[in-house]
Amino acid sequence: MKQVETVVQLRQAVSCFAGETALVPTMGNLHDGHLALVRHARKLSRHVVVSIFINPMQFDRKQDLQAYPRTLERDLALLRNEGVDLVFTPPEKVIYPKPMVVHTRVEVPGISDIFCGQSRPGHFVGVSTVVCKLFNMVRPRIAVFGKKDFQQLLIVKRMVEDLAIPVELVGVDTVRENDGLAMSSRNNYLDARQRQIAPALYRALRNTVDALERGARDFPALEQAAAGKMASAGLKPDYFSIRRASDLGEPKQDERELVILGAAFVGMARLIDNLEVHL
Ligand code: PAF
């Protein structure tokens with residue numbers, strides 16, 4: 001496995017892959033959820049490139065950026081074990097050679113401003129900008145993202161369509177702990193008590209899926225009931241919403257492809273999760 005830090009080294013390395021490249025963009029601190037993306041990428045492409053870059057542009061709070069776990073040596077060992085061909089670990093200056101305030105930004109309006117975009121202003125501009133740059137640098141045929149960040153995946157899809165970026169996007173199902181908690185680097189922030197409470201988000205999503213499958217269609221009532229259950233379990237709900245899966249718009253009563261999106265605070269950590277519903 002090769003590790004490169006500059007765009008020149010990266011381009012040289014991927015030029016040997018003859019266009020058969022799948023990219024898995026990450027911010028490191030890898031867990032089984034990331035490794036599932038890497039394994040999926042390996043099935044789809046001869047060569048797999050993983051990027052590890054903690055993107056300052058997508059953090060709305062400096063504290064959050066500073067506290068983000070940095071575990072490069074462990075991450076590299078895990079990726080070597082998965083047979084990854086190339087790891088791109090650019091320093092900040094390689095991704096953002098200019099000061100952030102004058103750097104070109106990529107914005108996908110509308111969908112970037114709701115849910116996580118509303119709670120974390122500027123977050124998705126940071127995501128779409130860095131992902132666009134990574135696509136231009138690596139030029140992958142395929143890029144693999146986790147469906148845990150469902151809104152992020154839709155935003156990247158829109159960006160790829162709107163800017164005609166020649167990459168095929170693939171979403172991979174969320175990997176969960178035994179009690180349903182979605183795997184996330186942010187789970188590291190949970191103490192023992194918070195870790196016990198955290199699966200209440202998944203339970204609320206699961207119960208709402210069950211209710212929809214049984215025929216319930218009063219979406220606001222279902223959302224309120226779920227938020228109430230999360231609060232009584234000790235979570236502080238941020239949002240809980242039943243939406244059209246294709247674009248996160250308000251669903252009609254007869255909509256068949258839905259997604260339920262939820263976010264909640266527990267201590268310092270903000271958990272997000274979602275479940276798709278095919279009726
Ligand atoms: O999902 C993530 O880890 C990040 O948002 C991504 C896609 C690597 C961009 O920094």
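Basis for what follows: all heavy atoms, side chains included, without hydrogens, waters or symmetry-related copies. The chain is numbered in sequence order, starting from 1. Both ligands and their constituent atoms are indexed starting at 1 by order of listing.
- A distance-only check finds a donor-acceptor pair linking the side chain of Asp85 to the backbone of Val48 [under 3.5 Å].
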Which atom pairs, one a donor and one an acceptor, fall under 3.5 Å between side chains of residues 198-206 and the rest of the protein, sequence neighbours left out?
none

Side-chain donor-acceptor distances from residues 153-162 under 3.5 Å, at least two apart:
residue	atom	partner	partner atom	Å
Arg158	NH2	Pro109	O	3.3

Ligand 1: which protein N/O atoms lie under 3.5 Å from its N/O atoms?
residue	atom	partner	partner atom	Å
ligand 1	1 (O)	Gln152	NE2	2.9
ligand 1	5 (O)	Gln58	NE2	3.0
ligand 1	5 (O)	Gln152	OE1	2.7
ligand 1	10 (O)	Gln58	OE1	2.6

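- Residues Lys147 and Asp273 are not paired through a salt bridge, judged by the lack of any N-O separation under 4.0 Å between the basic side chain and the carboxylate.
- Residues that satisfy the salt bridge (charged side-chain N to carboxylate O under 4.0 Å, His left out) test with Arg139, not counting sequence neighbours, are absent from this structure.
- Between His47 and Phe17, the two ring planes are parallel [angle under 30°; tilted spans 30° to 60°].
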